[in-house]
Protein chains: 2
Amino acid sequence: MTRVLVVEDDAAILRGLKDNLEAESYEVLTATDGEVGYELIRDAAPDLVVLDLMLPKMSGYELCKKVRDEGMTTPIVMLTARGEEADQVLGLDLGADDYVTKPFSVRELLARIRALLRRTNPEPTALDELRFDDVIVDFRRYEASRGNEKIKMTRKEFGTLRLLAERAGLVVTRHDLLKEVWGHGHEPTTRTIDNHVASLRAKIEKDPSQPKRILTVHGVGYKLDV
Amino acid sequence: MTRVLVVEDDAAILRGLKDNLEAESYEVLTATDGEVGYELIRDAAPDLVVLDLMLPKMSGYELCKKVRDEGMTTPIVMLTARGEEADQVLGLDLGADDYVTKPFSVRELLARIRALLRRTNPEPTALDELRFDDVIVDFRRYEASRGNEKIKMTRKEFGTLRLLAERAGLVVTRHDLLKEVWGHGHEPTTRTIDNHVASLRAKIEKDPSQPKRILTVHGVGYKLDV
DNA sequence: TCCTCCGTGACATCTCCATGACAACCTCCG
DNA sequence: CGGAGGTTGTCATGGAGATGTCACGGAGGA
């Protein structure tokens, strides 16, 4: 099972993350200060670390640097309070792999974690489920429902929605979709993508003519807001 | 976007390389003889050149030498037919940066290209977010806000602002903007840029008629002060 | 075979962009 | 100090390009 370490001093946030991560079937370790966090990274070898920037004893900053200086490559997602810090986290060669700005959406953090694990772990960590409003999409079972109604979705629709969900909140270009969902070689017209998005909207949007979830970013691509 | 020029007279190979490079999100220019190749290197300023040794009009050999003699440092990967030639390419201080021997593996060539780009063009850390005053711009989400109000920005506006932000404090010329934001081929009047700057100011400046953030440097360009 | 799903093209619609004209401005030099 | 020439700010407008939508034909699986 994939093991995630969360280092966070705010008890409420820590609890929330732990619950959510466990609901996603991760094994969760926790620490509330930098020193314990460091020991756990070293001794428990988690597959990924979620690290708050502000911490007692040793800041996330120092912790990240120390870990990297000692040659460990454990993927780290930073929780940063403000935007300016974010740049530094990734920029100053601190060695964090991704970051999320507080206040963050748990859903987004989970998506980032999944993406990062997939990027760094050879074994693909698939996104299992997507939920919003009264819509539930289960990517493992290839099933979807809305309220009590089942929704019939096709393979390409699942693929498209899944990529959007894995990058929840971020813009996904048509090119990305072609590459990830259609794969090498097969490269249909971009018209095709619009059609699949249209049919997705017809199935999961409350008002398909006024999409609130699958948004168009003119000239760029689409993004999923959850 | 990173721009790669491929100079190759064999149509099949050229096509294959173009497809593969585009699949890796490079912008690809092509030429089938040395003379056109030379003009493109000079005028289109690609980030990297893949150069066949045997070419009509001007051989890859001459082309490489000419380019270097004129002081251009564009990284060049040579495609050589036989092993013996390879040594010469690098050895006779022709100025190529790397080479691949035909028949080559596309995967290997792509890896060489990536490595060479990393070596020569350390990519400026992609900027995700920009904040000042009560303005927040998120370049990954293509979202912007000011206080609690969402700001609607277009693709070109995001691109323009992003380049300014990546070089915060430094002057960015109109030429730079055309090259980075508009890309090769499309080259509108510089008037167009003024218009985009104007609409950016209207959206993010407190008093658009007295800009404090996006400043004009008369006769040179614009710069962002944050 | 039948049916589902996918890719494509055509068309309507909408957004965004490029352009040119003119006014305001800056700079440099007389 | 003032004026000329070049540069920039601003606006309105036409049009290019992107997207939404629909219907059709074909491929492949059941």
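Just so we're on the same page: letters track the sequence lines, and every chain starts at 1. Below, all heavy atoms of this structure are taken into account, side chains as well, without hydrogens, waters or symmetry copies.
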Give a yes/no answer on whether the side chain of [X] brings an N or O atom under 4.0 Å of OP1 or OP2 in [N].
| X | N | value |
| --- | --- | --- |
| B/Tyr222 | D/dG9 | yes |
| A/Trp182 | C/dG7 | yes |
| A/Thr154 | C/dC6 | yes |
| A/His196 | C/dG7 | yes |
| A/Thr216 | D/dG20 | yes |
| B/Arg201 | D/dG9 | yes |

Measure [atom1]/[X] against [atom2]/[N] and give the value in whole Å, please.
| X | N | atom1 | atom2 | answer |
| --- | --- | --- | --- | --- |
| A/Ile151 | C/dT4 | CD1 | P | 18 Å |
| A/Met153 | C/dC5 | CE | P | 12 Å |
| A/Leu215 | C/dT15 | CG | P | 15 Å |
| B/Gln210 | D/dT10 | CD | C1' | 15 Å |
| A/Arg155 | C/dC3 | CZ | P | 20 Å |
| B/Asp194 | C/dG20 | CG | P | 14 Å |
| B/Asp207 | D/dG9 | CG | C1' | 14 Å |
| B/Leu200 | D/dG9 | CG | P | 12 Å |

Item checked: Interatomic spacing from CG in B/Leu53 to CD in B/Glu8 - rounded to 0.5 Å ->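 Reported to 0.5 Å precision, the distance equals 10.5 Å.
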Next item on the list: May I ask you to check whether over 12 heavy atoms, not counting those of B/Lys179, lie within 6.0 Å of atom NZ?
Entry: no
Check: Under 6.0 Å from the CZ atom of B/Arg42, do we count more than 12 heavy atoms belonging to anything else shown?
Finding: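 Atom CZ in B/Arg42 is crowded, with more than 12 foreign heavy atoms closer than 6.0 Å.
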Item checked: Criterion side chain to side chain contact (heavy atoms under 4.5 Å, CB included) against B/Leu161, the qualifying member of B/Val137, B/Val181, B/Val197 ->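 Filter result, single survivor: B/Val137.
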Notebook entry, point to check: With sugar-phosphate meaning primed atoms plus P, OP1 and OP2, does B/Thr192 contact a base, only sugar-phosphate, or nothing at under 4.0 Å between heavy atoms?
Noted result: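 Counting heavy atoms under 4.0 Å across all strands, the contact made by B/Thr192 includes a base.
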Notebook entry, point to check: Base, sugar-phosphate, or nothing: which does B/Thr189 touch, judged by heavy atoms less than 4.0 Å apart?
Noted result: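 It contacts sugar-phosphate atoms only.
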Next item on the list: Look at the side chain of A/Arg191 and the base of D/dG20, then say whether one donor and one acceptor between them are separated by less than 3.5 Å.
Entry: yes
Next item on the list: Heavy atoms only: give me the nearest A/Lys212-A/Asp225 pair and the separation to one decimal.
Entry: O-CB, 4.1 Å
Margin query: Return whichever of A/Arg174 or A/Asn195 has its heavy-atom-nearest nucleotide of DNA chain D closer to the 5' end.
Written below: A/Arg174
